[in-house]
Amino acid sequence: MIPAGALCESLYLVTFDASKVRAAYPALRDGYAYLDGAAGTQVPAAVIDAIADTYRAGIGNAGGAFPASDRAGAIVAECRRAVADLTGGHPDGVILGPNMTTLTYRLADTLSRDWAPGDEVVVSRLDHDANVRPWVQAAARRDATVRWAEVDVSTTELPASQYRELLSERTRLVAVTAASNIVGTRPDVPAIAAAAHAVGALCYVDGVHATPHVRVDVRALGADFYATSAYKWSGPHIGAVVADPALLETLRPDKLVPAPDSVPGRFERGTAAFADLAGVTAAVEHLAALDPTAAGTRRERVLASMAAVEAYEGQLFAGLLGGLGETRNVTLYGKAARRAPTAWFTVAGYSPAEVAAHLAARKINVWNGDNYAWELAGALGLRDSGGAVRAGLVHYNDPAEVDRLLAAIAELAVQRVR
Ligand SMILES: Cc1ncc(COP(=O)(O)O)c(C=O)c1O
């Protein structure tokens, strides 16, 4: 077991100025260790200001003849550009909405319109339920067949090789995550997408958990649709789906008659949350500035900054995993070769809820339960026993917080064993 404080001293973290980054987040001053970022991050002051400034400046609906309306239209356009820069997509292919789940249901409804009985969709047991159930339910409405990609529970990998067997000329859609929200597994999405495309199917990638941790390039992934949620990467509660505008042109979602018929507007329902969208743009600017030495376009700065984030989080995560691995009575789940920095574990003698309460009493925020990774929690045999404890790192966490978590878990390990 790494003694408390050791991680602080042992890591060489000069490439990433975590204390400067932390100072940008007002909420981080309350003494809590926010290790719950996988369920939603805190927001920097620049994001809060962008939202508040939108209201302060005077807000109107978009499409009118007056300046406040022009501002709303500009906010939407700028937000599409920002999400495109974050993901490598095209601004005209950025669909904005309340969250990933809502947008995925909407796209499942639209995409399944022309599925016929006997058509097939492939979902995975690695995925959050938001990238499973919308497709399973849409398939049931069309008498389509659902095929399951399985997780190897001994490694928590989602082998891409199995897709050869799962796919056929009847496959219409493959839904897969870019990273598991509980065990962090990052499957070989480009290989899975290539296999889908080889049989003429579309690939819908859940990027909600991956986006805060990696350099995203929707084209390199082969994602026909890439879903993400800004509240996982220091933004407000807004979701986005990024697709090729030419693909969106071929789809006809349900919409109001007078609402825009253009792409991507026809996929968006009702009045947008303009102030929040300004916050999304500010969040992308925040991410792009995380490597202060990065230069060039915002896309280039995003890529450089996310490379720095990946390296920093990787170091922090190695310390967390190493410490938990050496702690008596802790069982760690998740062994994939490529992972987001998310630890899922149980402590013998304590329910996950008890562990989370113990940590909360020490001002350490973690999650307990199945975290909506319904299928994977079931495959790992933990769904009916309260799931596990999730400690998810993001770029504003620091070694001192990891040390606090390890020390608090070590307290449990030497206490009662039922
Ligand atoms: C991997 C993953 N996918 C999808 C979702 C659902 O996202 P939203 O809350 O934006 O609907 C979550 C939320 O935790 C998630 O972690």
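Residue numbers start at 1 and run along the sequence shown. Atoms within a ligand are numbered from 1 in the order they appear, just like the ligands themselves.
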Quiz item: Which ring pair (Phe, Tyr, Trp, His ring centres under 6.0 Å) pairs, counting each pair once, include a residue from residues 135-177, with sequence neighbours left out?
Solution: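 Counting only pairs at least two positions apart or across chains, the ring pair (Phe, Tyr, Trp, His ring centres under 6.0 Å) contacts touching residues 135-177 are W135-Y204.
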
Quiz item: For residues 69-128, which residue pairs qualify under ring pair (Phe, Tyr, Trp, His ring centres under 6.0 Å), counting only residues two or more places apart or in two chains?
Solution: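 Counting only pairs at least two positions apart or across chains, the ring pair (Phe, Tyr, Trp, His ring centres under 6.0 Å) contacts touching residues 69-128 are H128-Y372.
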
Quiz item: When rounded to the nearest 0.5 angstrom, what distance separates OG1 in T211 from NZ in K232?
Solution: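 The OG1 atom of T211 sits 10.5 Å away from the NZ atom of K232.
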
Practice problem: Return the protein residues near ligand 1 (heavy atom under 4.0 Å from any of its atoms), ordered by chain and residue number. | Solution: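 Contacting ligand 1 under 4.0 Å are N99, M100, T101, H128, A130, N181, D206, V208, H209, S229, Y231, K232.
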
Quiz prompt | Donor on one side chain, acceptor on other, T327 and N329, under 3.5 Å | solution =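 Checked: T327/N329 side chains show no N/O donor-acceptor pair below 3.5 Å.
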
Self-check item: Side chains of T228 and W233, donor plus acceptor under 3.5 Å
Solution: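 T228 vs W233: donor-acceptor pair found between side chains.
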
Quiz item: For E157, what residues pass the salt bridge (Lys or Arg N to Asp or Glu O under 4.0 Å) criterion, not counting sequence neighbours?
Solution: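 Partners of E157 under the salt bridge (Lys or Arg N to Asp or Glu O under 4.0 Å) test: none.
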
